[in-house]
Amino acid sequence: MPGNVLVVAEHRDGHLKKVAFEMLGEGTRIAAKMELGGVVEAALLGSGVGGVADALAHYGAARVYLADDPSLGRYSSEGYTTVLAQLIQKTEPAVVLLGATPQGQDLAARVAARLGLGLASDCTAFEVAADGRLMITRPIYAGRAIATVIEKTIPQMLTVRPNVMVPLEPDPLRTAPVEKLAVETGDIRAKVIDLIQESGRQQVGLSEAEIIVSGGRGLKGPENFCLLEELADVLGAAVGASRAAVDAGWIDHSHQVGQTGKTVTPNLYIACGISGAAQHLAGMKTARYIVAINRDPDAPIFRVADYGIVGDLFEVVPILTAELKKALQQKRPVPQQW
Ligand SMILES: Cc1cc2nc3c(=O)[nH]c(=O)nc-3n(C[C@H](O)[C@H](O)[C@H](O)COP(=O)(O)OP(=O)(O)OC[C@H]3O[C@@H](n4cnc5c(N)ncnc54)[C@H](O)[C@@H]3O)c2cc1C
């Protein structure tokens with residue numbers, strides 16, 4: 001069954017999300033399988049976003065469909081659904097991939113309903129079956145079981161969990177034609193009037209963060225997350241948490257790392273008072289460097305940690321914060337004297 005893989009490239013304010021590159025990499029691998037024999041293409045929707053089309057080509061897109069229109073400046077379920085559904089009908093891909101992000105999940109469900117397609121959400125692995133269809137792996141029942149799904153409808157439509165697939169090495173010499181789409185959003189009944197930034201310090205998104213400071217039951221209570229927030233502020237990091245901390249109501253679920261939370265791949269993951277249960281490791285073990293702070297020398301987290309500090313986090317974290325603050329201030333360039 002020949003066909004192409006269409007990747008919907010999500011961005012925020014013109015910055016592409018990591019998951020877009022990951023889907024292009026996985027899409028390239030899927031499309032290269034003999035049975036599909038197609039290429040990976042990207043759909044880019046927004047206003048004034050054409051500048052990132054080159055990056056999509058560098059990461060594997062053989063063609064970029066660009067829907068660039070002021071009406072798409074802010075994400076709207078209806079407008080984006082209409083444009084993407086029209087594109088799918090026009091290009092007839094075999095597979096459509098969207099990120100399993102809040103926006104991707106919303107858009108995928110609407111487009112699937114509009115076109116009468118099945119939808120597999122939060123997928124973590126793919127194989128190409130003998131008939132050329134994808135066999136899709138996805139966790140179900142809050143991660144207690146893993147399902148293998150083959151969708152009956154074509155195109156096969158899926159959302160892909162961020163930070164699980166591997167992007168291709170970017171090639172700045174790789175280029176792709178950009179096809180501009182005529183945008184007809186039709187009558188949009190709901191529109192975003194205002195965006196309100198959530199209060200609190202979490203400025204860096206967990207899925208995209210290069211450094212994460214994460215806390216578990218060892219923190220003893222919600223009030224102690226401020227210790228991690230201070231360290232995170234010094235490092236420009238995001239704050240993560242174990243499920244035990246989330247289930248205790250100490251921090252919102254959006255911070256949870258692990259099998260039933262977010263999968264993260266930062267350069268540095270600092271685990272404070274987290275034992276290292278398999279379900280937590282499932283979400284962070286591919287971090288480049290893992291630092292564990294735990295008072296139990298036998299805690300399983302030390303088996304995956306690159307650096308381990310056996311000690312009381314209430315003593316260690318403030319010292320670490322103060323020392324890093326000093327070290328990073330010293331590294332700042334001295335202003336030039338005239
Ligand atoms: C289906 C399923 C899905 C799950 N999904 C997830 C998931 O997505 N994410 C997740 O995290 N878990 C998940 N879990 C739960 C997981 O099994 C563990 O229960 C959980 O990760 C434990 O969290 P924790 O490490 O914070 O707590 P604990 O296991 O209780 O560990 C607390 C650690 O803190 C240390 N400590 C205590 N006091 C201090 C101190 N003062 N200084 C330093 N160290 C200290 C202790 O030595 C201990 O190692 C899931 C479980 C199931 C069954």
Side-chain angles (χ1 to χ4, degrees), residues 19 100-102 105 121-125 137-148 159-164 202 205-207 209 211-232 237-266 268-287 290-324:
V19 69
T101 59
Q105 303 272 41
S121 56
D122 203 21
C123 306
T124 52
T137 302
R138 56 183 298 263
I140 54 170
Y141 303 126
R144 284 182 177 77
I146 302 290
T148 303
T159 63
V160 177
R161 184 180 281 205
N163 292 315
V164 174
Q202 182 87 21
L206 203 57
S207 302
I211 306 177
I212 294 173
V213 181
S214 213
R217 206 189 321 254
L219 273 171
K220 312 265 188 277
E223 65 285 359
N224 295 323
F225 263 94
C226 65
L227 284 177
L228 306 194
E229 285 166 3
E230 283 164 22
L231 177 54
V239 173
S242 73
R243 177 158 161 183
V246 171
D247 283 354
W250 299 348
I251 190 163
D252 187 73
H253 177 261
S254 59
H255 295 259
Q256 184 179 316
V257 173
Q259 193 177 314
T260 43
K262 294 202 164 86
T263 303
V264 295
T265 50
L268 175 62
Y269 189 88
I270 306 179
C272 310
I274 293 177
S275 60
Q279 296 88 354
H280 188 80
L281 301 185
M284 45 62 76
K285 64 179 178 225
T286 52
I290 298 171
V291 176
I293 304 168
N294 198 305
R295 65 179 181 192
D296 174 6
D298 296 322
I301 191 81
F302 287 128
R303 285 186 221 138
V304 296
D306 298 283
Y307 299 94
I309 302 173
V310 179
D312 186 337
L313 72 90
F314 294 100
E315 291 170 20
V316 176
V317 172
I319 295 172
L320 204 56
T321 305
E323 291 300 320
L324 282 167

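Just follow the structure's listing: the first ligand is 1, and inside any ligand the first atom is 1.
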**Study point:** Whether T137 side chain and T148 backbone form a donor-acceptor pair below 3.5 Å
**Key:** no
Review point. So, the side chain of K262 versus the backbone of H255: is there a donor-acceptor pair under 3.5 Å, distance only?
Key: no
**Study point:** Inter- and intrachain pairs under salt bridge (Lys or Arg N to Asp or Glu O under 4.0 Å), touching residues 306-319, at least two apart
**Key:** none
Check your understanding: Between N294 and I274, is there a donor-acceptor pair closer than 3.5 Å when you use the side chain of the first and the backbone of the second?
Key -> yes
Review point. Who's touching ligand 1 if we go heavy atoms under 4.0 Å?
Key: A142, R144, G216, R217, G218, K220, S242, R243, A244, Q256, V257, G258, Q259, T260, G261, G273, I274, S275, A277, Q279, H280, N294, R295, D296, G311, D312, L313, F314
Check your understanding: Can you list every salt bridge (Lys or Arg N to Asp or Glu O under 4.0 Å) pair that touches residues 271-283, not counting sequence neighbours?
Key -> none
**Study point:** salt bridge (Lys or Arg N to Asp or Glu O under 4.0 Å) partners for D252, two or more places apart
**Key:** none
